[in-house]
Peer 1: 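Provided herewith is a single structure, encoded as structure tokens, for subsequent inquiry.
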Amino acid sequence: MNYSRFINAVSAARKPSPIRVLTAILAKSPPSMISLASGAPNPKLFPFAEATIKLRDGSKLILDEERMNVALQYGATQGQADLVNWLKDLQNILHKPPSAGMKPEAGGLDLIVTTGSQDGLSKSFESLIHAGDNVVVECPTYAGTLSALRPIGCNLLAVATDHNGMIPDSLEEIMSRWKPEDAKHSECRIPKLVYTIPNGVNPTGASLTLDRKQAIYKIAQKYDLLIMEDDPYYFLQFNKPVPSFLSLDTDGRVLRFDSFSKVLSSGGRSIQGREELLQWHYADDEYLTYEHSSDDEIVEPKEDEEEPPPPEVSEAIERLEVMVGDLLHQWGMDGFKEHIKQVVHFYQSRKDIMVNAAKKWLSGLAEWDEPVAGMFLWLKLKGINDTKKLIEEKALAKEVLLVPGCAFMPDPDAPCSYVRASYSLASDEQIDQLQSTVLHIHHQLRPGFGDSFARSSSRMIKIISVKVPLMPVNTLVILATGDLRVAIDERIQR
Ligand code: 09M
């Protein structure tokens, strides 16, 4: 594939950082190499020396002085080599990507570690999309993706979905506004990419079937679309996984976003895709200097302008990466799989509790499809045209927090009768109470129903971890919320 049409002008103008090139050479050099090239600080002056992290299974993860130095030091842009290699092995086992054995230069795969799926997605969008581009997303879709896309100024084309995720006929219908040959003309606004959540869609809990994935892949081939496969709920599937887009990807048109946020610690995620595409992410990570390209609208930073910020994004996750990398090596592939079994079991039983409570309280008042993966139930409240008011006024007053459906709509102004309920953190009792409160509020909002009914419900409950607005603006914050991070911080500080 020729990727040049997918990369936007800003990314195309990026050049490799000379310093980072030297860092990569140094990383591969023998210990005898004397390097005066690196701008890395001397870690002997860092106050943190060692850490012992107690794992839930009773074992320990020890970061001795040497590992601690690695954890605290600047590192490779792509991520800690040990972790990157472990992740590549994992991807090969799980997805058997058709081009796995090929060298990057020959169109093979590569993988980079990012501060989050969200971070990876944002960087990808910013590397690929121009203002005014048409971008295909499913409806409803992840609010964080919409937040990342909207400021770029692209037009969102919404593909219809059902209980099996994105509907291929709807995608074809949207794409048929163009001719496949339009993809060869750079001035044409034919979409370049389709964004999809293949498993446990946030918010609907639906997963794509294999037939659908194959049909979508064919349409992507016909119109030369990249597929951005955002799969943070891959490890939260309640049924046997079907092959991923990456595993169907004979052409190299899939960028796959994985996340450990739901299984190890919020903040550790990776992107996998063709090396030619990922190199623009490295460039982005490194905040490279811009140069004029031939047809460019890019403004070169003037000399007296402030330097772009340092590459703190890559470095910020170094410590987490070392911990996660060491943990995965300590566990081995079998230990990781064992952990995933527990994760699936946990979320499946939470899902059952949520669905049973919905059956108990909301039958006839709400509609839903049982989630097959992930951590969300998507409830359609019958007779309620728009749930925004219900959440922002009525539910909040009763200390119940749900996310109004409009947060997941490409058109945020259209009324939406859905709400998203997360079954990840709430206790059994809270889930039950939540649904009874939704029932009460629902009654309250129906015409002819007085406030007395609502007053009769005196239980004040607090539930659901999400905040409105839904996503923090800066997802680096997620690092600070990870259990693992808190655990090590506490140990270090003592
Ligand atoms: N709510 C997510 N979703 C979320 C959420 C979140 C703080 C995150 C899809 O690897 P990560 O952690 O960056 O994953 C981001 C991501 C990407 N793609 C489909 C997701 O569901 C995470 C974080 C507060 C609320 C949050 O509500 O849905």
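Each ligand, and each atom within it, is numbered from 1 in the order the structure gives. FYI, the numbering just counts along the sequence from 1.
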Peer 1: Between Y195 and ligand 1, does any nitrogen or oxygen pair lie at a separation below 3.5 Å?
Peer 2: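 Between Y195 and ligand 1, no N or O pair is found under 3.5 Å apart.
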Peer 1: Is it the side chain (CB and beyond), the backbone, both or neither of K262 that lies under 4.0 Å from ligand 1, heavy atoms counted?
Peer 2: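 It is the side chain that gets close, since no backbone atom is under 4.0 Å.
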Peer 1: Should the pair D119-K123 be classified as a salt bridge under the 4.0 Å nitrogen-to-oxygen rule?
Peer 2: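 Looking at D119 and K123, the cut-off is met.
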Peer 1: To the nearest 0.5 Å, what is the distance between CG (L171) and OG1 (T161)?
Peer 2: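 So the gap between those two atoms works out to 12.5 Å.
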Peer 1: Closer than 4.0 angstrom: is that true for some heavy atom of P232 and an atom of ligand 1?
Peer 2: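 Yes, that is the case, since the closest heavy atom of the residue is under 4.0 Å from the ligand.
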Peer 1: S261 heavy atoms, cut-off 4.0 Å: which ligand 1 atoms fall inside?
Peer 2: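 Listed by number with element: 10 (O), 11 (P), 12 (O).
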Peer 1: Is any NZ, NE, NH1 or NH2 atom of the basic residue among E338 and K341 found under 4.0 Å from an Asp or Glu carboxylate oxygen of the other?
Peer 2: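 Salt bridge between E338 and K341, a charged N being under 4.0 Å from a carboxylate O: yes.
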Peer 1: Atoms of ligand 1 less than 4.0 Å from S259 heavy atoms?
Peer 2: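 Atoms satisfying the 4.0 Å criterion: 10 (O), 11 (P).
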Peer 1: For the 3.5 Å polar cut-off, considering only N or O atoms, please tell me whether D119 and ligand 1 meet it.
Peer 2: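 Min N/O separation from ligand 1 is not below 3.5 Å for D119.
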Peer 1: Please determine if D110 and K88 form a salt bridge, counting it only when a charged side-chain N lies under 4.0 Å from a carboxylate O.
Peer 2: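 Looking at D110 and K88, the cut-off is met.
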Peer 1: Between D230, T141, V403, L121, flag the one that comes closest to atom 19 (C) of ligand 1 by a heavy atom.
Peer 2: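 Minimum heavy-atom distance to atom 19 (C) of ligand 1 goes to D230.
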Peer 1: Near H345 NE2, under 6.0 Å, is it more than 12 heavy atoms from other residues, nucleotides or ligands?
Peer 2: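 Counting other residues, nucleotides and ligands, NE2 of H345 stays at 12 neighbours or fewer.
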Peer 1: List in chain and number order the residues that pass salt bridge (Lys or Arg N to Asp or Glu O under 4.0 Å) with E229, two or more places apart in sequence or in another chain; answer none if no residue qualifies.
Peer 2: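 So E229 forms a salt bridge (Lys or Arg N to Asp or Glu O under 4.0 Å) with R256.
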Peer 1: So is F257 close enough to ligand 1, meaning a heavy atom under 4.0 angstrom away?
Peer 2: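 The answer is no: ligand 1 sits nowhere under 4.0 Å from a heavy atom of F257.
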